[in-house]
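Note that ligands are numbered from 1 as they come in the structure, with each ligand's atoms numbered from 1 the same way. We number each residue from 1, following the sequence as shown. Small disclaimer: the values here were computed from a predicted structure and weren't measured.
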Amino acid sequence: MRPMTRSFAVDLRGLIDLLSEHLYAGPEVYVRELMQNGVDAIRARTDLGDTFSPALTFDVQEGRLTFTDNGVGLSPDDIHTFLATIGRSSKRGSVEFIGQFGIGLLACFLVSEEIELVSRSARGTPPVRWVGRADGSYTLLTGEDAALPAGPVGTQITLRARPDRAAFLLPDRVASWAAEYGALLPYPVTLVGPAGSVSLNATGAPWLDHSRGEEARRAATLAYGEALLNAPPLDFVDVNTHAGAVRGVAFILPWTPSLDARGHHRVYVRHMLLSEQEEQLTPRWAFFVKTVLDAGTLRPNAARDALRDDADLHAAREEIAGTLRDWLLELAREQPGRLRELITLHYLSIKALAAEDDDFLTLFLPWLPFESSAGRQTLPELLGRSGGELRFVADLNLYRQAAQLAAPGGPPVIHAVYTYDHTLLERYGALNPQVRVTRLSAADLVQDLAPPTPAERRATATLLAAAQDTLAPLDAGVRLSHFEPAALCAMAFPGAQRDLHRTRQTVGPSGGLWADLLDDLKDVGDTYAMDVHFNLNHPLVQRAAHLPDGPLLRRVLGMLYVQALLLGHHPLTARELELLNGGLLDLIGVALGDPDASRPAPHLN
Ligand SMILES: Nc1ncnc2c1ncn2[C@@H]1O[C@H](COP(=O)(O)OP(=O)(O)OP(=O)(O)O)[C@@H](O)[C@H]1O
């Protein structure tokens, strides 16, 4: 048999289904695709050197929509080569145009069975009338074949609503989509509907309008920002990059955003809206701004809902990062009062940037607040109180205890638990060798506790033995120490294998294989899940030292231990909770004169 060579056939309906189900957000994207083609056509005609007043118009009447652009138009050859060949585009490879894949016009089949296009090319060829159908057939008439009126240069596309998609051709809805997509177009977009003609855009971005002077430009830009944020922005920064030709503004938010508030930026490509959720072009740390950017030469993806992640995008992002950074630096130099105001709201964002950039860190760190046992303080304030040493804790529970231990007026402990804080402090220490930066561990805190004297040791032997005996079943080791503040009865620190131990206790006896495994691991070392220090400075502990060993003393020690756990914000195991409940009931019983109230507690005898 002779080999046969054939061409692929395309099932257009299958392709349309694919686009509508998997590529596009909804049928309304046909409005965007029509407008993008109009914008590209206007661009192509401008490139030819023609003088004309660009305009886009929607005419929507009773289920019929006609979209007109006065762009470059199509010749009969263009129709065959580009329009009627799916996947072929006259724009491929050029960064000037939005379109590039040669499929956009098919979006019109999401709302209409037929696309009727009438066009006259700016290159002087005869007018054409083309009707494409969703079944894959099309008809073409050229001015030579039929008496087509020679109309103006440009293209008119008419769609008739499919019965199930009538809602997508209602004038109000078309107007709102077109206004959204085309808000920044620098020429008029108009809708002609049953109620007359409506202008849908303000022709251009206010930040680019220098015609009425700088003050008017600023006022118009801030008014745009206020409408965008629903509150007046603190300020704005102009963005103008070489890579990707991005123009736009970054509005400084008048509130503190949450740390994960990324991806809320608005991005346009060649003046057409691409996304309200942009997150690639604005640097990661810049959550103190909301940007509105128009990328002149960056490329959108095929779905047109994000930018293509390529080298140009990365380079543009670097430039935008530089612009924001320079703006902050200038603010620090020129308007320190305003910088202080900005820092109050946005210090987390500035910390995030400082963590990535040493120069920025050196300049800004002295301004930034840190939480500490002495309240919210800047580093110079903290250094002033601590004689040149910065002591920080990077674990929340440990910080709570360290803050309790820090003597008023003594060196403060810095809360460096959250994002960036400990990185910043350690970088600051590395860049400033005269400053000692110390990360405190549980062991460091315990070192500050004074052990009992030999005489005290003898006097508290019963107390210690009773406490060890009582608390060992709860996986807690016991120490008796002196520490300040004296008002603190006891303090509990995680032992070296805390997580392992407490997991084992939470899993409990019914934990099966997992519990067995943890039991085996327990024998690896002789530490306890928790270490509790009873404070010999506290009157209650001193009194307990005089009690004989028995149910009452053990109940008191158990309760003090649970209280220490609660103060340190350590989660309670089931047995500790039981102990707490039993102890509270006993106390209530004693208060009500119950003779059984001081019976031995479970686990404590
Ligand atoms: N309004 C128009 N004026 C002039 N030419 C047009 C117009 N609309 C479509 N075309 C021509 O038809 C071709 C196919 O258009 P289509 O919208 O399907 O794809 P595209 O714009 O090239 O790429 P993409 O799929 O990325 O949008 C275009 O490349 C262009 O040559």
Side-chain angles (χ1 to χ4, degrees), residues 10 12 15-16 18-20 22-25 29-48 50 52 54-59 65-112 115-125 127-132 134 136 138 140 151-159 178 181-182 185 187 189 269-270 272-274 297-308:
V10 174
L12 193 58
L15 198 60
I16 295 165
L18 178 78
L19 296 179
S20 74
H22 299 288
L23 197 65
Y24 294 135
V29 298
Y30 83 92
V31 172
R32 183 188 68 197
E33 296 300 321
L34 283 174
M35 290 175 80
Q36 284 179 348
N37 281 340
V39 169
D40 285 344
I42 285 171
R43 175 78 214 203
R45 187 172 174 194
T46 310
D47 287 352
L48 288 181
D50 268 16
F52 67 111
L56 301 177
T57 310
F58 288 88
D59 188 331
L65 176 149
T66 300
F67 173 73
T68 307
D69 69 68
N70 55 355
V72 72
L74 288 134
S75 68
D77 278 352
D78 292 337
I79 299 260
H80 288 298
T81 319
F82 300 117
L83 197 65
T85 311
I86 291 162
R88 192 173 292 165
S89 171
S90 57
K91 312 161 191 174
R92 181 156 295 137
S94 168
V95 291
E96 286 198 321
F97 301 114
I98 309 170
Q100 51 192 306
F101 301 109
I103 53 167
L105 200 68
L106 297 180
C108 295
F109 287 127
L110 303 181
V111 295
S112 173
I115 301 171
E116 180 187 340
L117 176 145
V118 176
S119 186
R120 191 155 78 87
S121 169
R123 295 186 176 88
T125 49
V128 287
R129 179 171 175 275
W130 173 87
V131 180
Y138 72 85
L140 176 66
V153 166
T155 303
Q156 251 189 15
I157 293 177
T158 300
L159 309 175
Y181 294 130
L185 284 171
Y187 37 78
V189 183
V269 168
R270 294 162 203 65
M272 283 284 297
L273 180 70
L274 186 73
T297 57
L298 295 178
R299 289 177 178 282
N301 64 6
R304 302 274 155 68
D305 54 11
L307 291 168
R308 215 167 68 181

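With a 4.0 Å heavy-atom cut-off, ligand 1 is reached by the side chain of Glu33 but not by its N, CA, C or O. Here Arg304 has side-chain heavy atoms under 4.0 Å from ligand 1, and that is the only part of it that gets that close. At a heavy-atom cutoff of 4.0 Å, ligand 1 is contacted by both the backbone and the side chain of Ile103. At a heavy-atom distance under 4.0 Å, only side-chain atoms of Ala41, from C-beta outward, approach ligand 1. At a heavy-atom cutoff of 4.0 Å, ligand 1 is contacted by no atom of Ile157, backbone or side chain. Proximity of Leu105 to ligand 1, defined as any heavy-atom pair under 4.0 Å, is shared by backbone and side chain alike.
In summary, the atoms of ligand 1 found under 4.0 Å from a heavy atom of Gly99, numbered by their order in the structure, are 21 (O), 23 (O), 24 (P), 26 (O), 27 (O). Proximity to Gly104 (heavy-atom distance under 4.0 Å) selects the following atoms of ligand 1: 16 (P), 17 (O), 18 (O), 19 (O), 24 (P), 25 (O), 27 (O). The Lys91 neighbourhood of ligand 1 comprises atoms 20 (P), 21 (O), 22 (O), 28 (C), 29 (O), with distances under 4.0 Å to a heavy atom of that residue. For ligand 1, the atoms closer than 4.0 angstrom to any heavy atom of Ser89 are 20 (P), 22 (O), 29 (O).
Between Arg88 atom CZ and His80 atom NE2 the span is 12.5 Å, to the nearest 0.5 Å. With rounding to the nearest 0.5 angstrom, the CG atom of Leu117 is 11.0 Å from the CZ atom of Phe67. Between atom CD1 of residue Ile98 and atom CG of residue Leu298 there is a gap of 12.5 Å, rounded to the nearest 0.5 Å. For the atom pair Leu106 CG and Tyr30 OH, the distance stands at 15.5 Å (nearest 0.5 Å). One finds the OH atom of Tyr138 at 13.5 Å from the CD1 atom of Ile115 (value rounded to the nearest 0.5 Å). Rounding to the nearest 0.5 angstrom, the gap separating the OG1 atom in Thr57 from the CD atom in Gln156 is 9.5 Å.
Residue contacts with ligand 1 do not include Asp78, since none of its heavy atoms lies under 4.0 Å from the ligand. The shortest heavy-atom distance from Gln36 to ligand 1 is not under 4.0 Å. For the pair Gly71 and ligand 1, no heavy-atom separation below 4.0 Å is found.
Screening Ile157, Val29, Val39 for a side-chain contact (heavy atoms from CB on, under 4.5 Å) involving Leu34 leaves a single residue, Ile157.
When side chains are defined from C-beta on, Tyr181 does not count as touching Gln36, because their heavy atoms never get closer than 4.5 Å. Two residues are said to be in side-chain contact when any heavy atoms from C-beta on lie closer than 4.5 Å; Ile42 and Phe52 meet this criterion. Here the side chains of Leu105 and Glu33 are not in contact, with every heavy-atom distance at 4.5 Å or above. Using a 4.5 Å cut-off on side-chain heavy atoms (C-beta onward), Gln100 and Arg308 make contact.
Protein heavy atom in closest approach to atom 12 (O) of ligand 1: Leu83 CD1, 3.5 Å. Counting only heavy atoms of the protein, atom 1 (N) of ligand 1 lies nearest to Asp69 OD2, 2.9 Å. In terms of protein heavy atoms, atom 13 (C) of ligand 1 is closest to Phe82 CB, 3.9 Å. When only non-hydrogen protein atoms are considered, atom 5 (N) of ligand 1 lies nearest to Leu74 CG, 3.5 Å. Of all protein heavy atoms, the one lying nearest to atom 29 (O) of ligand 1 is Ser90 N, 3.0 Å. Looking only at heavy atoms of the protein, atom 23 (O) of ligand 1 is closest to Gly102 N, 2.9 Å.
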Check against side chain to side chain contact (heavy atoms under 4.5 Å, CB included), Asn70 and Arg45: CA-CA 9 Å; Asn70 55 355; Arg45 187 172 174 194; 4.0 Å; yes

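Between Leu106 and ligand 1, no pair of N/O atoms sits closer than 3.5 Å.
Around atom 17 (O) of ligand 1, the closest heavy atom drawn from Leu117, Val72, Asn37 belongs to Asn37.
Without hydrogens or angle criteria, Ser119 side chain to Leu74 main chain gives a donor-acceptor distance under 3.5 Å.
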